[in-house]
Amino acid sequence: MVIVSGVGIEKADEGENLRLTIQMIIPAQLDESKGGKAAGTQGPFFIRTFTGRTVSEAVERFQSETGRNVLWSHTKVIILAEELAQKGVFSALQYFERSAKFREKLVIFVAHGTTAKAILEAGHEVEKLSANAMELAVKMGRTRGTTPGIDFFQFITNLADPSLSPVANGVKLLPPLTVSGGEKQQPRINVSGTAVFKGDRMVGWLDPVETRGLMWLQNKVSKGVLVVNSPVEAGKQVGLRITGSKSKIYPEISRDRLCFKVKVKVETSVADQEYQGDLDNPAYLKKMEKELAQTVSEEIMSVIEKLQDWRTDPVGFGRTVKLSYTGQWRELRQGWQDKVFPANLVNVEVTANIKQTGTVFKSKMR
Amino acid sequence: MLIAILTMHFSIFLMPGIILEFSRQYSWVSMCIAVLGDILMAVLLYALGQMYPGRTLFEYPQLILGRLAGKLFALFFLYVGGIILRIFTECSLTYLLDETPFLFLLLLGITTTGYYVYKGLTVIVRLGELVAPIIFIVVPGLLLSVSPKISLANLVVVDWTWLGIFRGALIQMAMFGVCILMGVFMAFHDKPGQSFRVKVRGVIISGVLITALFLVSLGVLGEYAVAQTTFPTESLARLIEFPIDPLILAVLVMGGSITISILYFAASLGLAQTVGLANYRWLIIPAGVMIMLEAAYLLGDNIVELKKHLSTVFPVVALPVELGMTSFLLLAAWIKRHSYPP
């Protein structure tokens, strides 16, 4: 039995259409007490690459080479190469849609600035399997807004609706840490950012801050830290921990013009400050709240500008129109992403609150 | 008599996709029409039952029109039995036993249910009473646990046509109409009136349940995805973190085998009564072979043809038998009784 943990899909170099990289688990080596690594592997897994005209053909070649039963149901991640994503992911993902062997919870990634193979080969300091590490990082990141946390089901469902587009999680490699005098370490996996699609083609990247902007719009941020300028000392910063947030998009049609109002409510508590200043003053808090609202609003606006520029609506602005203005939606949905959505005004209204200051009002340290 | 409810459980599997393709967000309207149509059938059958107490559905046409006419219902049950056997086989092929030969699965299905039929109606009904609670816990449980994933925008109605709603309703009515089986069991029932109430209750309960299923699958999967999903119920089950999809497949197998065996039983009994055999058990094997052949060859070579068959041929065949034939029988019986008073 061979257990697959991750699949990478790229464009093949010559002849064939697709190159499939498969990460397989070596169960014996997951057991720590045994120790040791099999020859030619970096960890308790090994990597094989197969090409094919379709994904199924590559899978079949893999199947016949291994000569063992392949267990697909533990596949945790699919990593798409950036180049493939830009040309369209339709042909790469259909195999996974049709087959009943895969879980709908499979996480979809686009490799940022590297190959899918390199990502699968990279090790991780804590987790034994890079596929596991990526899955956990996505679970952690999606409440913090650093990664959209899109799974296979959401990706496909968004792709099914002509007024929507999907997004995928970004993953990249950070340069290896070199321990002084020690052996060179492997590059590290970093799950962050968002690959934005239009239809099944990728159109661009959002960095982690813009990703949080996207997540504000989708009412998905519940944790994380925002840093704002100090109201007291210029050039110093205050870290605010997000304790809760709520957002909603309100479409409005007045005199045949459609516009959106995004209302966001953020609650935070003070995490730390860069100076000794006094927070025991409501006026300072109010000032900081204003600053905070400004920061969030900028995060959101930067994303909206990009999305309108790319003519894609992964947030579901169109769906809010469908809910509130069903009659008008019948006309508006024609070319929604291409013409209608990019032409509309979006106003962002952020209400920010600082509710707590932690265990002290003012730091006791002098 | 939980049978009436169980009989309709097959609409849970392949059907949501087909019906939602036609009636989309207005599937609940389709469902109301279908339930009303079905209650009408129950009324017709009840009236027939009152006229000929202690007789089965197969005997009415013999008494009213002559010997051969009774075969029609028996053949109809054979046909529906074949459809259900086919649907369940396809579903287990897709999700469970994708490397098992198709014919072997059919054979397995028909021998198991054939054994139930051989053991008789009591065994099937007892089994039904055992399985029904499981179904009624698992299916609503599934719906509740995926309901947080519903997106309201998916339920908003944008495009709809009367034709779509109507076609959806016809297919669903044809599905529910299989409950003219009640006409068979009424004869075995102590109080025929009770059988009428049970049937109406059964249709309403499953109507509500299936509508809920439709709306939840629509809300979660979206109108564009749901019509293309082969087995939406199973797809829903796979979305839950907690792995209940094997449970759904277990429900499929349990509910399915009982549904098939009821129809199988009715068909063998019907054939026996129209041929004039005293014991229906002689006909279990011939009926089984017929059901199997039909499931294997008559309903199309592949799942796409099966879907097409279910949405086009099935209602055209089923409704005239279910609604047309019963009302015609009632009319004929009424005329006969009034023109030649006994």
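Residue numbering restarts at 1 for every chain, and letters A, B, ... go by the order of the sequence lines.
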Review point. Using non-hydrogen atoms only, which part of A:F152 is less than 4.5 Å away from chain B: side chain, backbone, both, or neither?
Key: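 When you check distances to chain B, no heavy atom of A:F152 falls under 4.5 Å.
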Point to revise | Side chain, backbone, both or neither of A:R98 within contact of chain B (heavy atoms, under 4.5 Å) | key: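 When you check distances to chain B, no heavy atom of A:R98 falls under 4.5 Å.
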Exercise for review: Heavy atoms only: give me the nearest A:K105-B:L239 pair and the separation to one decimal.
Suggested key: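 Taking every non-hydrogen atom into account, CE-O, 3.4 Å.
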Check your understanding: Which atom names give the shortest non-hydrogen contact between B:L221 and A:F153, and what distance separates them?
Key ->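 It is CD2-CE1, 3.5 Å.
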Within a radius of less than 6.0 Å around [atom1] of [X], do more than 12 heavy atoms belonging to other residues, nucleotides or ligands occur?
X	atom1	value
A:K198	NZ	yes
A:K101	NZ	yes
B:F102	CZ	yes

**Study point:** Spatial distance of atom OG1 (A:T157) from atom CG (B:N154) [nearest 0.5 Å]
**Key:**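 Going from OG1 on A:T157 over to CG on B:N154, the span is 8.5 Å.
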Review point. Within the distance-only criterion (no hydrogens, no angle test), does the side chain of A:R319 pair as donor or acceptor with the backbone N or O of B:L152 below 3.5 angstrom?
Key: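 No; judged by distance alone, with no hydrogens or angles, the pair does not exist.
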